[in-house]
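Along the sequence shown, residues carry numbers from 1.
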Amino acid sequence: MPRMTRFPALIIALLCCTTALPAAAQQTPPPKPGEAAHAEAANFTVTSSAFIDGAPLPDDLRCTRSGGDGVSPPLSWDNAPVDTQAYAIVMQHYPVGTYPGVNEPSHYWLVWNIPAGADGVARGNPESLGVEGSDKDVRATGYTPPCSPSGAGTHEYTIWVYALDAPLTDLPDQDDISIVWADVMAALKGHVLTGDSITFLN
């Protein structure tokens, strides 16, 4: 009987600790240890000319319902490893009550096989760099602008950019609505030289 009374208490304690995880810990799972195989990998950085890390998404980049044009934000990256052969972008959000390693996030942008010579993507990706997977609702390919209902509070969205040792040949070479977050994560395994992320609030 004593064991039975301690066991529920342990579960309650674990749930409380998990709920208390800071937002940053929920949003930015780093590349797995060992994937950053080069000394220069630690210098890889991702920035945006539209916002600083952790700042609100600018009004003009919000969804059309909120008065923006709903296109993808501009991104730039620097100091990739010299043997980078391609890049991938993953934008994701863990809804309240979901956590890395336990739940899959909602994905808002999946792009792979961006050419190695690229040092970023322009606002709206007008050059169509890379190959794109499904939007958040698996209704089309490409970017999904976050569009939280009024009164839903502020949410954090993370954009990861990965420098790769080779193009991701396990994924299609043309935009494909069937490709979701789990597919991209599986294809990235073993190919990530380094990665960095930037977040915004909306």
Side-chain angles (χ1 to χ4, degrees), residues 27-32 35-36 41 44-51 53 57-58 61-63 68-81 83-94 100 104-147 156-200 202:
Q27 300 302 326
T28 54
K32 292 181 180 179
E35 289 180 340
F44 183 66
T45 56
V46 175
T47 58
S48 175
S49 60
F51 58 89
D53 188 30
L57 186 68
L61 286 172
R62 301 180 73 188
C63 67
D69 55 16
V71 301
S72 59
L75 299 174
S76 299
W77 48 83
D78 296 295
N79 302 316
D83 49 353
T84 297
Q85 299 299 307
Y87 297 95
I89 298 173
V90 176
M91 176 175 154
Q92 61 191 37
H93 162 65
Y94 282 91
E104 292 185 4
S106 297
H107 66 266
Y108 287 74
W109 199 18
L110 303 172
V111 193
W112 60 92
N113 294 354
I114 296 172
D119 59 2
V121 292
R123 185 183 190 278
N125 194 13
E127 298 178 347
S128 296
L129 295 178
V131 185
E132 295 185 318
S134 75
D135 65 0
K136 175 180 177 290
D137 299 313
V138 196
R139 295 178 179 174
T141 58
Y143 176 78
T144 306
C147 203
E156 185 178 75
Y157 300 82
T158 302
I159 302 175
W160 276 95
V161 178
Y162 298 99
L164 310 176
D165 65 2
L168 300 180
T169 56
D170 289 345
L171 296 177
D173 57 8
Q174 295 183 338
D175 294 355
D176 193 325
I177 193 174
S178 71
I179 300 301
V180 295
W181 181 86
D183 300 315
V184 175
M185 291 297 103
L188 285 172
K189 188 175 181 180
H191 291 295
V192 176
L193 297 174
T194 187
D196 191 34
S197 65
I198 186 169
T199 65
F200 64 81
N202 188 67

Sorted by chain and residue number, the side chain to side chain contact (heavy atoms under 4.5 Å, CB included) partners of Ala50 (sequence neighbours excluded) come out as Ser48, Pro58, Leu61, Pro74

Those residues at least two apart in sequence (or on a different chain) that pass side chain to side chain contact (heavy atoms under 4.5 Å, CB included) with Asp165 are His191, Leu193

Could you give the distance from [atom1] ([X]) to [atom2] ([Y]), rounded to the nearest 0.5 Å?
X: Asp175; Y: Ser128; atom1: CG; atom2: OG; result: 7.5 Å
X: Asp137; Y: Ser106; atom1: CG; atom2: OG; result: 9.0 Å
X: Cys147; Y: Tyr108; atom1: SG; atom2: OH; result: 9.5 Å
X: Tyr94; Y: Glu156; atom1: OH; atom2: CD; result: 12.0 Å
X: Asp196; Y: Phe44; atom1: CG; atom2: CZ; result: 6.5 Å

Minimum heavy-atom separation for [X] and [Y], please, with both atom names.
X: Trp77; Y: Val46; answer: CB-CG2, 4.2 Å
X: Val131; Y: Pro172; answer: CG1-O, 3.8 Å
X: Leu57; Y: Pro146; answer: CD2-CG, 4.2 Å
X: Tyr87; Y: Pro115; answer: CD1-O, 3.5 Å
X: Val121; Y: Trp109; answer: CG2-CH2, 4.0 Å
X: Ala116; Y: Thr84; answer: CB-O, 3.4 Å

Less than 4.5 Å apart, side chain to side chain, heavy atoms only: is that true for [X] and [Y]?
X: Leu110; Y: Val90; value: yes
X: Leu164; Y: Val192; value: yes
X: Leu171; Y: Val184; value: yes
X: Ser72; Y: Ile89; value: no
X: Leu168; Y: Leu188; value: yes
X: Tyr162; Y: Ser197; value: no
X: Asp119; Y: Ser76; value: no
X: Arg62; Y: Asn202; value: yes

* Do we see a donor-acceptor contact under 3.5 Å between the side chains of Thr199 and Asp53? -> yes

Let me check something: any side-chain donor-acceptor pairs from residues 176-183 under 3.5 Å, sequence neighbours excluded? List them with distances.
residue	atom	partner	partner atom	Å
Asp176	OD1	Ser178	N	2.8
Asp176	OD1	Ser178	OG	2.6
Trp181	NE1	Gln92	OE1	2.9
Asp183	OD2	Val180	N	2.9

By ring pair (Phe, Tyr, Trp, His ring centres under 6.0 Å), Trp112 pairs with (sequence neighbours left out) none

For Phe200, the ring pair (Phe, Tyr, Trp, His ring centres under 6.0 Å) test, sequence neighbours excluded, returns Phe51, Tyr157

Sequence neighbours excluded, the answer for salt bridge (charged side-chain N to carboxylate O under 4.0 Å, His left out) partners of Asp173 is none

* To do: Determine, stepwise, if the pair Thr144 / His107 fulfils side-chain hydrogen bond (donor to acceptor under 3.5 Å, both in side chains).
  => CA-CA 8 Å; Thr144 306; His107 66 266; over 6 Å; no

Margin query: Between His93 and Thr158 (side chain of the first, backbone of the second, donor and acceptor by atom type, cut-off under 3.5 Å), is there such a pair?
Written below: no

task: Determine, for Asp69 against Arg123, whether the closest basic-nitrogen to carboxylate-oxygen distance falls under 4.0 angstrom.
output: yes

